Number of protein chains: 2
Amino acid sequence: MNKKPSLSLGFLEGLIGFRLRLAQIALFDDFERAMRPFDITPTRFGALSLIDANPGLSQMQLAKAIRLDRSTLVALLDHLEKRSLVQRRPSATDKRTNELRLTPEGRLLLGKLKRRVQEHEKRMFGKLPADERAQLARLLEAVSAMKTKQVIEI
Amino acid sequence: MNKKPSLSLGFLEGLIGFRLRLAQIALFDDFERAMRPFDITPTRFGALSLIDANPGLSQMQLAKAIRLDRSTLVALLDHLEKRSLVQRRPSATDKRTNELRLTPEGRLLLGKLKRRVQEHEKRMFGKLPADERAQLARLLEAVSAMKTKQVIEI
DNA sequence: CGGCATTAGTTTGAGGTCAAACAATTTAAC
DNA sequence: GTTAAATTGTTTGACCTCAAACTAATGCCG
């Protein structure tokens with residue numbers, strides 16, 4: 001009748017990277033569920049937010065900011081443009097680039113999404129005391145800032 | 001000469017979820033680089049570790065433990081089996097399931113990988129004082145433990 | 001026992017992601 | 001100023017992931 005032998009994590013037990021991956025999956029799961037009615041993923045939300053905060057930015061700038069390959073961004077923007085949330089406008093000064101802007105519909109939707117995302121963050125982190133939330137944010141930022149100096153060969 | 005206007009993060013600025021995603025990307029990047037000579041991804045490493053720690057487990061058990069869809073696991077195990085690192089052995093007691101085990105080569109490789117992963121963790125978290133690393137692990141675990149109680153409709 | 005729901009592994013299809021190759025444009029070098 | 005190098009957006013191909021449908025086997029329930 002023992003239904004949960006519950007596997008051993010073995011070596012994974014002590015790895016912060018593994019813990020972070022699990023947290024990421026839980027987070028994505030809740031986000032996805034909350035945004036399902038709008039068909040918005042974390043990546044799409046990030047793109048909308050950054051375009052909103054930096055109107056006129058280029059696809060390369062956006063791609064770097066959300067850590068997405070520029071080729072991946074093409075389909076994502078196609079999608080958002082098809083939904084009339086975003087507009088690609090050829091730059092007058094550099095004909096290689098597009099200037100990205102939210103449409104009025106895009107701004108309207110983003111407003112709703114922001115409220116949902118706040119609720120999502122509250123669900124996922126609201127149980128933690130404020131100082132621990134701040135600590136978590138600080139530590140995560142420190143990890144992101146770590147750059148690989150040098151890679152060991154074979 | 002200002003080469004870095006450096007976009008505003010806007011609404012993303014205050015989101016722990018966004019910070020966590022950036023940390024995850026940085027982590028994955030360093031991991032991937034360190035393991036490139038062995039063609040091992042975090043997911044593959046996780047699978048090898050769990051099989052090592054729980055010899056004879058089934059594909060479903062493994063899939064749940066590493067949060068992977070069972071259909072995804074099929075190709076992953078095909079790959080590891082083709083490399084003679086893992087063995088699928090049909091269970092005698094339940095003919096639906098396979099018992100998973102590492103081969104001697106698998107155990108040998110995993111040993112090397114563990115050392116690399118330790119170096120990787122040291123690179124990414126080593127700069128943090130030990131108590132902060134522990135705190136980070138604890139907080140991440142708390143986030144993973146958050147289960148969506150209920151989802152708001154439209 | 002006998003039939004039906006459940007479970008395990010697999011296959012297939014849709015979508016997200018990166019890397020490499022390409023054309024158009026801009027920048028740098030001479 | 002002309003030519004070579006770098007940059008931007010795009011397309012294509014490979015891979016990973018999930019979800020749904022399928023098959024074989026087990027468990028349940030009368």
Side-chain angles (χ1 to χ4, degrees), chain A residues 1 3-4 21-22 24-26 28-33 35-36 39-47 51 56-83 86-100, chain B residues 1 3-5 21-22 24-33 35-36 39-47 51 56-83 86-100:
Chain A
M1 260 324 189
K3 33 181 60 167
K4 289 174 146 198
R21 186 166 171 270
L22 293 186
Q24 162 86 336
I25 290 172
F28 186 96
D29 198 60
D30 186 86
F31 191 103
E32 196 278 336
R33 240 193 295 257
M35 304 302 163
R36 188 170 300 166
D39 194 19
I40 289 290
T41 61
T43 307
R44 285 177 187 166
F45 178 77
I51 296 173
L57 85 171
S58 72
Q59 298 186 196
M60 273 302 296
Q61 289 178 302
L62 176 55
K64 279 179 192 151
I66 55 179
R67 260 73 156 189
L68 216 60
D69 195 274
R70 61 202 167 138
S71 61
T72 306
L73 196 53
V74 173
L76 189 153
L77 289 175
D78 287 348
H79 174 90
L80 296 180
E81 212 173 18
K82 197 155 303 177
R83 286 171 68 179
V86 163
Q87 187 191 16
R88 273 190 263 223
R89 190 183 304 177
S91 163
T93 69
D94 184 342
K95 286 183 214 149
R96 294 171 302 178
T97 69
N98 294 325
E99 297 180 355
L100 304 174
Chain B
M1 260 323 190
K3 31 181 60 169
K4 290 175 145 199
R21 185 166 172 272
L22 293 186
Q24 162 87 336
I25 290 172
L27 226 45
F28 186 95
D29 198 60
D30 186 86
F31 191 103
E32 197 279 335
R33 240 193 294 256
M35 303 303 162
R36 189 170 300 165
D39 192 20
I40 289 290
T41 60
T43 306
R44 285 176 188 168
F45 178 77
I51 296 173
L57 86 172
S58 73
Q59 297 185 198
M60 274 300 298
Q61 289 179 303
L62 176 55
K64 278 179 194 154
I66 54 180
R67 261 72 158 189
L68 216 59
D69 194 275
R70 59 198 171 143
S71 60
T72 307
L73 196 54
V74 173
L76 189 153
L77 289 175
D78 286 349
H79 174 91
L80 296 179
E81 212 172 18
K82 198 155 301 175
R83 287 171 69 178
V86 164
Q87 185 191 17
R88 272 191 264 222
R89 188 183 307 176
S91 163
T93 69
D94 184 343
K95 285 183 214 150
R96 294 171 303 179
T97 69
N98 293 326
E99 297 181 355
L100 303 175

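No hydrogens, no waters, no symmetry mates; every other heavy atom, side chains included, goes into these values. This structure is a prediction, so every number in the text was calculated from the model and none was measured. Below, chains carry the letters A, B, ... as their sequence lines are ordered, and counting in each starts from 1.
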Practice item. To the nearest 0.5 Å, tell me how far B/L27 CG sits from B/E32 CD. Key: 13.0 Å

Check your understanding: Taking atom P of D/dT17 as reference, at what distance in whole Å does atom CG of B/L73 sit?
Key -> 10 Å

Check your understanding: For B/S58 and C/dA8, is the shortest distance between a side-chain N/O and OP1 or OP2 below 4.0 Å?
Key -> no

Revision key, fill the gap. In whole angstroms, the gap separating P of D/dC16 from CG of B/D78 amounts to 11 Å

Check your understanding: Rounded to the nearest 0.5 Å, how far does NE2 of B/H79 lie from CZ of B/R44?
Key -> 3.5 Å

Review point. For A/R88, does its backbone N or O pair with a side-chain atom of A/E81 as donor and acceptor, under 3.5 Å?
Key: yes

Practice item. Return the value, rounded to whole Å, for the distance between atom CD1 of B/I25 and atom P of C/dT17. Key: 9 Å

Point to revise | Atom-pair distance (CZ on A/R33; P on D/dC18), nearest Å | key: 14 Å

Review point. For D/dT10, does OP1 or OP2 lie under 4.0 Å from any side-chain N or O of A/Q59?
Key: yes

Check your understanding: With a 4.0 Å cut-off on heavy atoms, is A/T97 in touch with a base, just the backbone sugar-phosphate, or nothing at all?
Key -> sugar-phosphate

Check your understanding: Nearest to the side chain of A/R96, which nucleotide is it out of C/dT25, C/dT17, D/dT26?
Key -> C/dT25

**Study point:** Residue closer to the 5' end of DNA chain C, B/M60 versus A/K95 (nearest nucleotide)
**Key:** B/M60

Review point. Do A/K82 and A/D78 meet the salt-bridge criterion of a basic N to acidic O distance under 4.0 Å?
Key: no

Point to revise | Whole-Å distance separating the CG atom of B/N98 from the P atom of D/dT23 | key: 19 Å

Review point. Taking atom P of D/dT8 as reference, at what distance in whole Å does atom CZ of A/R88 sit?
Key: 16 Å

Review point. From the list D/dC18, C/dT26, C/dT17, which nucleotide is the closest neighbour of the side chain of B/D69?
Key: D/dC18

Exercise for review: Round to a whole Å and report the spacing from CG of B/D29 to P of C/dA19.
Suggested key: 8 Å

Check your understanding: With a non-hydrogen cut-off below 4.0 angstrom, is A/L68 in contact with a base, only sugar-phosphate, or nothing?
Key -> sugar-phosphate

Exercise for review: Assign each of B/D94 and A/E99 to its nearest nucleotide of DNA chain D by heavy atoms, then name whichever residue's nucleotide is nearer the 5' end.
Suggested key: A/E99

Point to revise | Members of residues 40-47 of chain B that approach DNA chain C, where some heavy atom sits under 4.0 Å away | key: none

Study note, to complete from the structure: Smallest heavy-atom separation, A/I66 atom then B/R21 atom, equals O-NH1, 3.5 Å

List the atom pairs, donor and acceptor, that lie under 3.5 Å between side-chain atoms in residues 68-75 of chain B and the rest of the protein, sequence neighbours left out.
| residue | atom | partner | partner atom | Å |
| --- | --- | --- | --- | --- |
| B/D69 | OD1 | B/S71 | N | 2.9 |
| B/D69 | OD1 | B/S71 | OG | 2.6 |

Review point. Which of the following nucleotides, D/dG9, D/dA19, C/dT10, is nearest to the side chain of B/R70?
Key: C/dT10

Point to revise | Minimum heavy-atom distance between A/D39 and A/R83, given as atom pair plus value | key: O-NH1, 3.0 Å

